[in-house]
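Working notes, beginning with the structure itself.
Quick note: numbers below take in every heavy atom, side chains included, and nothing from hydrogens, waters or symmetry partners. Proteins get letters first, then strands, A, B, ... in listed order; numbering begins at 1 in each.
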Number of protein chains: 2
Amino acid sequence: MLSMATSNMLGGVASARTYHHGNLRATLLEHAEAALAAGSELSLRELARQAGVSHGAPRRHFADKQALLDALALDGFERLGAALALAESTAAPGFRGSLLAFGRTYVHFATEHAALLELMYAGKHRPDIGEGVARAADEAFAASFSLFAAAQAAGEIVPGDPERLGTVAFAALHGLAAIANGGMLSPDADLDVMVDELVDRLVLGLAPR
Amino acid sequence: MLSMATSNMLGGVASARTYHHGNLRATLLEHAEAALAAGSELSLRELARQAGVSHGAPRRHFADKQALLDALALDGFERLGAALALAESTAAPGFRGSLLAFGRTYVHFATEHAALLELMYAGKHRPDIGEGVARAADEAFAASFSLFAAAQAAGEIVPGDPERLGTVAFAALHGLAAIANGGMLSPDADLDVMVDELVDRLVLGLAPR
DNA sequence: ACCTGAACACCGTTCAAGT
DNA sequence: ACCTGAACACCGTTCAAGT
């Protein structure tokens, strides 16, 4: 019960002996995350090579490449949801505190895991919608979204469809992360300052008058 | 001088005779844009096939696949810049009118050309930065960005670094487009309403108090 | 149950050779 | 100047065959 750690059942220097005994799936996902973090292209054959198995072996655990990407995306949404829940639980009181905690955490996650984030959202616009991925995405944001209805009930923000207000605020924060990941921020700009600026403008813009 | 049309020197039913006489470059770009609009993967070999040339022929006009993508991105930024300029010139007076025109035009372009937009920004986070692409991007937004300094001069919005304010507002609108393109808007949500809502919140949040 | 390895149909890129 | 076509080094996917 020690491991709150996400999914590294094998540490970095694990005994290479137990491959092909049930953990090829986990090994493939680990190498995939590493490749993602390193910014390299994801090749199923390359992942198989890194795991020391033949190129046909991944087929036993992932029907195709997209299934592996979906598994990565799902894990990403779970980690994001956990990060957001933690941030919310330690946020300063009030709507501004909550939105600031959400914004900083979301943008931090998004820029710290740029390639993963792209992958997480790339799945959503596919026709078949990765099933579990869409549900994981909803769950990751569900708690944060209730924040708007709560703020309305407390009279901290204007009335109106809370989903629309929440979507608009989330979109704004997501856009900031996207702009940062795209390298479109002027080199001397401070992203944290931008997040605070955006949250402040949103809070002021949403304030009842 | 009739053609205000963007770049279709050859119409859809043009004489297929003049290929290999100087316009293979344009033909490749046309087929590429069509593939982009259709949502299919871009394959250089497939584009060559569609143009009726061998797979090695594109090499004469584009050093590699990325060079063709850069050409598409550059054209995209030019079209976006033109659309924004037109919108700005017919906008309602004042900061709100200008930001509304910008927002509606940007989000419309972004959702109408989702794959192109992704390509336009994908280039920017590459190490070598596509040269002309980065400049084209700057030029597309330059005029719109001056809007914030002007609004400050007119006392319509708060003081502060106009680049920071402009970036934050742009990021918010870009995020809304990204969310829409990612299929993350609830099916019954109206994107136009969202844009107006976001612009209103930004205008209120930026108002001097 | 899990993995191998040949096979198939694709890629992008390179480069001699043709016209 | 522009294009062809073979060659090279990759892909993802499939599937019989092995253990």
For atom CG of A:N23 and atom C1' of C:dC2, their distance in whole Å
12 Å
Paired stretches of DNA chain D - 3 or more consecutive Watson-Crick or G-U pairs, each distance under 3.5 Å:
C:4-8 with D:12-16, C:12-16 with D:4-8
Any B:L204 side-chain heavy atom under 4.5 Å of A:L204 side chain
no
Output yes when a side-chain donor or acceptor of B:H174 lies under 3.5 Å from a complementary backbone atom of B:F170, and no otherwise.
no
Count the heavy atoms of every other residue, nucleotide or ligand shown that sit under 6.0 Å from NE2 of A:H108, and state whether that count exceeds 12.
no
Quick one: side chain to side chain contact (heavy atoms under 4.5 Å, CB included) partners of A:S186, sequence neighbours excluded?
A:D188, A:A189, B:E163
Spell out protein contact along nucleotides 8-19 of chain C as letters: B when the base is contacted, S when just the sugar-phosphate is, - when no protein heavy atom is under 4.0 Å; keep the 5' to 3' order.
---SBBB-----
If we ignore hydrogens and angles and just use 3.5 Å, is the side chain of A:N181 paired with the main-chain N or O of A:A110 as donor and acceptor?
yes
Test your reading of the model: is there a side-chain donor-acceptor pair from A:R201 to the backbone of B:G205, 3.5 Å cut-off?
yes
Between A:R104 and A:D196, does any side-chain N to carboxylate O distance fall below 4.0 Å?
yes
Between B:Y106 and B:F102, how do the two ring planes meet: parallel, tilted or perpendicular, split at 30° and 60°?
parallel
